[in-house]
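Okay, so here's the structure we're looking at.
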Amino acid sequence: MRIGNTIPIYLNASTNAKDQNVQTEKTEKIDKTEKIEKAEEATESQDESIHISMEGRKKLQEESEDPKDKLPQHIKEMIKAIERLIEMIEAAKEALAEAKEASYPDVDTKRDVLDMHQNQINSLEFARHDAIKMLQESMKEAGVSEPGIIAELMR
């Protein structure tokens, strides 16, 4: 039994000198194997390390920043408006789901309520679509090329 870097303790150790030499040889082989494994682990961990120059670090920081931060103010406001429309669409969909579960006095009333909610969702979807088109045009006029922003808003 071996504990940390201390001397090994043998619970069933024999008193015979020949057996003690065998035990010592086994211990030395185990120690050598452990040293080799530790050296291999150290080499592997060194291979996994990454070294970045100051220029590379600055570039990574610039890339990690939100691309919306660099946009002109009027485009930022358009994006916020589209995000508000998306929130309104989600709320309207939730209201439609609740309306489907609600009880109504007759089938015609239920149909009218559901149609009203669906029309509201459709109107908001059209408004979002139009706002995204206007955003694309504004970005093109401003010379901004960030397709990720448009893709995110079209989800």
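As the structure is a prediction and not an experimental result, all values here were calculated from the model.
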Q: Share the residues that join Val113 in a hydrophobic cluster, the rule being Ile, Leu, Val, Met, Phe, Trp or Tyr side chains under 4.5 Å apart at the heavy-atom level.
A: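 The other cluster members (ILVMFWY side chains, heavy atoms under 4.5 Å, direct or chained) are Tyr104.
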Q. What do the steps show when you test Ile149 against Leu71 for side-chain contact (heavy atoms from CB on, under 4.5 Å), and what is the final call?
A. CA-CA 11 Å; Ile149 294 171; Leu71 297 175; 3.5 Å; yes
Q.
Per the side-chain hydrogen bond (donor to acceptor under 3.5 Å, both in side chains) rule, what does the pair list look like for residues 129-142, sequence neighbours excluded?
A.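 Output for this query is empty, none listed.
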Q: Give every residue pair that meets the side-chain hydrogen bond (donor to acceptor under 3.5 Å, both in side chains) criterion with at least one member in residues 90-103, sequence neighbours excluded.
A: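 Listed by first then second residue: nothing to list.
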Q.
Under the rule for side-chain contact (heavy atoms from CB on, under 4.5 Å), what residues qualify as partners of Met134, not counting sequence neighbours?
A.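 side-chain contact (heavy atoms from CB on, under 4.5 Å) list for Met134, sorted by chain: Met78.
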Q | Atom pair CD1 (Ile132) and CD1 (Ile86), whose distance is rounded to the nearest 0.5 Å | A |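 Result: 6.0 Å between the selected atoms.
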Q) To the nearest 0.5 Å, how far apart are CD1 in Ile79 and CD in Glu146? A)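 One gets 9.5 Å once the value is rounded to the nearest 0.5 Å.
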Please list every donor-acceptor pair under 3.5 Å in which a side-chain atom of residues 119-128 meets a protein atom from a residue at least two apart or in another chain.
from, atom 1, to, atom 2, distance (Å)
Asn119, ND2, Asp115, O, 3.2
Asn122, OD1, Gln118, NE2, 3.2
Asn122, ND2, Gln118, O, 3.4
Ser123, OG, Asn119, O, 3.0
Glu125, OE1, Arg128, NE, 3.4
Glu125, OE1, Arg128, NH2, 3.0
Arg128, NH1, Leu153, O, 2.9

Q: Tell me, please, which residues at least two apart from Arg84 pass salt bridge (charged side-chain N to carboxylate O under 4.0 Å, His left out).
A: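 Checked Arg84 against salt bridge (charged side-chain N to carboxylate O under 4.0 Å, His left out); zero matches.
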Q.
Tell me whether Met116 at atom CE has more than 12 heavy atoms from other residues, nucleotides or ligands lying less than 6.0 Å away.
A.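 Enclosed: over 12 neighbouring heavy atoms sit under 6.0 Å from CE of Met116.
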(Q) Within the 4.5 Å heavy-atom criterion, are Asp108 and Arg111 side-chain neighbours or not? (A)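 Side chain of Asp108 against side chain of Arg111, heavy atoms only: contact under 4.5 Å found.
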Q.
Under a 3.5 Å threshold, yes or no: a donor from one side chain and an acceptor from the other, between Thr109 and Asp106?
A.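 Side chains of Thr109 and Asp106: pair found under 3.5 Å.
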